[in-house]
Protein chains: 2
Amino acid sequence: MSYTVHEVAKLSGVTIKTLYHYQKIGLLMPESIAENGYRYYGDKELEQLQQILFYRELDFSLGKIKTAMQNEPSRLRCLCEQKTLLMARQQRISRILHTLEEAITYAEKGAAMSKEKMFAGLNKQEWEVALKPQNEYLHENYSYSIDMGTIDADAMNEKANEASDFITFMSNALRNGVSVNANEVHSVIDKHIQFLQRDMKIDAQSFAAQSKFLMTDEFHRQMLEKQQTGLSYYICFAAESYAGK
Amino acid sequence: MSYTVHEVAKLSGVTIKTLYHYQKIGLLMPESIAENGYRYYGDKELEQLQQILFYRELDFSLGKIKTAMQNEPSRLRCLCEQKTLLMARQQRISRILHTLEEAITYAEKGAAMSKEKMFAGLNKQEWEVALKPQNEYLHENYSYSIDMGTIDADAMNEKANEASDFITFMSNALRNGVSVNANEVHSVIDKHIQFLQRDMKIDAQSFAAQSKFLMTDEFHRQMLEKQQTGLSYYICFAAESYAGK
DNA sequence: TATAAGGTCTGACCTGAGGTTGGAGTCAAG
DNA sequence: CTTGACTCCAACCTCAGGTCAGACCTTATA
């Protein structure tokens, strides 16, 4: 199947000029060029274009896109990476939106925001840190948020792993439609609480309360939601169900 | 309170050069310029800068930003509009993400996507349509799933549409990470309840209770969850947050 | 008090990702 | 065989800054 510039443009939303530009810089070559100079694109080229547009959405420069696509010829892996990045971007917009909402409530009151808050999510330096390996980021942040006040590195690692396991389980349970009243959910919460009890006094009630509290913290909530949509709410309910048993 | 270029740059994340540029094109003037030529920015200027950055995030050109800020001197209304636009953008990213995910599953199977699907969300023409009346778009996608088994066509249609809009909104809100405490969520619940009140006596508390009750009914829960993982939990929380306001 | 280190101002030039204009060739339909 | 839509290509323009370079200012320290 071959497409003319016009067809490709209509399908993908880029202009003909842009296609030409991409050809000139060697980013996307036509499948074939007829004797009259007309350019024709095939299915493979469309896939490439799609990928280019995903990257462009992420504000990659065309040069970077080119090298990225050369270095990682596996379409699948490219796509997966793009997904990660796009999710990170969504995250960033969430933060900005949050800042914006705060700005609105301050403006309504006629009050002034703190200068750092004002630019949360907008300040790129800060944001680039959050961009990179989200997983570490999740780990770090989660563990740090649970065990404030401990120092020992190894123990901390163990805690991070436990927390991560717990979250993974809950995430799977939610995806699989397991009810918050299910026994396996309760028993995992039970184990998790037992683990927590090593460091702090905590019981079912206060765990439920704490889950709820965590939800009020936007940052935390987003972290869970990033892992699985709806997770923060699910955990909260599960904790409540467990506590009310 | 006055800030030097350096301080503003660090706070906001823009470069000094950019500040200079904004001054040159008259987008953001310093509060005062000392005799030695040094520029100083005050709190008002920081607020303006914040707003500029919000707009920039939305890919407004600097010229447009300038006129936008001149035409709408009310900071509050500016912010609210920006919020709407930013939420629209987030939805667009959601769509792209969805396309990306589909691309991944197709790639895993080694199959080919349909050409239109391939560019869903990326194609700007199409997207601009989706940008403005977001609601129509929502209609199409959802209305079919709610209104099975209706009797009175017209009245039911209205109800179906309302319910459908409500659920779709909540679903998007959840996907986009909007907090259950967010004003827009509350106001949508408010509207929904007002709508319900036409047919039955219901207030915030009983709505929250009913949401919770719905959750205990596996059939209803699964229906919501099928639409969007985590949705039943989210709605429940949102209702509670609304009731507790 | 001199000097170094670091901020600051300004203009001139560069860049990337296209858009615009315009002249000329090409295609399909009536 | 003409008309209207499509295509090619080159030269030039734009926008939002970045880079570089030279000169000036401020503050801390020797």
Side-chain angles (χ1 to χ4, degrees), chain A residues 2-42 45 48-69 122-125 127-128, chain B residues 2-42 45 48-69 122-125 127-128:
Chain A
S2 264
Y3 305 87
T4 68
V5 280
H6 187 84
E7 288 166 335
V8 174
K10 214 170 46 180
L11 223 53
S12 66
V14 311
T15 68
I16 294 175
K17 188 69 236 236
T18 300
L19 287 176
Y20 180 52
H21 188 57
Y22 289 175
Q23 176 187 356
K24 221 167 45 175
I25 65 172
L27 179 56
L28 179 67
M29 304 309 269
E31 183 188 42
S32 66
I33 301 184
E35 286 166 19
N36 56 18
Y38 280 31
R39 288 162 291 174
Y40 294 96
Y41 296 82
E45 284 71 31
Q48 286 182 39
L49 179 55
Q50 186 199 31
Q51 215 143 23
I52 290 170
L53 294 186
F54 283 138
Y55 275 126
R56 208 177 56 168
E57 188 62 33
L58 291 161
D59 293 327
F60 277 47
S61 74
L62 298 189
K64 269 195 187 172
I65 296 180
K66 196 173 164 187
T67 59
M69 288 177 64
L122 291 167
N123 190 320
K124 294 213 177 172
Q125 279 104 289
W127 153 55
E128 265 153 22
Chain B
S2 264
Y3 306 86
T4 69
V5 281
H6 187 86
E7 289 166 337
V8 174
K10 215 170 46 181
L11 222 53
S12 67
V14 311
T15 68
I16 294 175
K17 191 70 233 234
T18 301
L19 288 176
Y20 179 52
H21 187 57
Y22 289 176
Q23 176 187 355
K24 220 167 47 175
I25 65 172
L27 179 56
L28 179 67
M29 304 309 269
E31 183 189 41
S32 66
I33 300 185
E35 287 165 19
N36 57 17
Y38 281 29
R39 288 162 291 176
Y40 295 95
Y41 295 82
E45 285 70 32
Q48 286 181 39
L49 178 55
Q50 186 199 32
Q51 216 144 22
I52 290 170
L53 294 187
F54 283 138
Y55 275 126
R56 209 176 57 167
E57 188 62 34
L58 291 160
D59 293 326
F60 277 46
S61 75
L62 298 189
K64 269 193 186 172
I65 296 180
K66 195 173 164 186
T67 59
M69 288 177 63
L122 290 167
N123 189 321
K124 293 213 176 170
Q125 280 104 289
W127 155 53
E128 266 152 21

What's the closest nucleotide to the B:H6 side chain, out of D:dC6, C:dT8, C:dG18?
C:dT8
Measure the distance from OH on A:Y38 to P on D:dC9 and round it to the nearest whole Å.
11 Å
Given atom CD1 of B:I52 and atom P of D:dC15, what is their separation to the nearest angstrom?
17 Å
With the threshold set at under 4.0 Å for non-hydrogen atoms, list the residues of residues 19-35 of chain B touching DNA chain C in residue-number order.
B:Y20
What nucleotide among C:dC9, C:dG18, D:dT26 has an atom nearest to a side-chain atom of B:R39?
C:dC9
Take atom NZ of B:K66 and atom P of D:dA16, then tell me their distance rounded to the nearest Å.
11 Å
Nearest of C:dG19, D:dA16, C:dG7 to any side-chain atom of B:L62?
D:dA16
Show your working on side chain to side chain contact (heavy atoms under 4.5 Å, CB included) between B:Y41 and B:L49 and close with a plain yes or no.
CA-CA 10 Å; B:Y41 295 82; B:L49 178 55; over 6 Å; no
Under a 4.5 Å cut-off applied to non-hydrogen side-chain atoms, are A:H21 and A:L62 in contact?
yes
To the nearest 0.5 angstrom, please state how far the OG1 atom of B:T4 sits from the CD1 atom of B:I16.
7.5 Å
At under 4.0 Å, does any side-chain N or O of A:T4 touch on OP1 or OP2 of D:dT7?
yes
Which heavy atom of B:R56 sits nearest a heavy atom of B:V14, and at what distance?
NH2-CG1, 4.2 Å
Of B:K10, B:R39, B:K17, which meets side-chain contact (heavy atoms from CB on, under 4.5 Å) against B:V5?
B:R39
Residue whose nearest DNA chain D nucleotide is more 5′ - B:G63 or B:N36
B:G63
Note, B:E57 side chain near B:L53 side chain (heavy atom, < 4.5 Å):
no
Can you tell if the side chain of A:Y40 reaches within under 4.5 Å of the side chain of A:I33, non-hydrogen atoms only?
no
Just N and O in the side chain of B:T18: are any of them under 4.0 Å from OP1 or OP2 of D:dA16?
no
Between C:dC9 atom P and B:I16 atom CD1, what is the distance in whole Å?
8 Å
In whole angstrom, give the distance that lies between atom CD1 of A:I65 and atom C1' of C:dG16.
12 Å
In terms of side-chain heavy atoms of A:K17, which of C:dT26, C:dT8, D:dA11 is nearest?
D:dA11
OP1 or OP2 of C:dG18 versus the side-chain N and O atoms of A:T15: is any pair under 4.0 Å?
no
Without decimals, in angstroms, what is the distance between B:Y3 OH and C:dG7 C1'?
19 Å
Does C:dG18 have OP1 or OP2 under 4.0 Å away from a side-chain N or O of A:R56?
yes
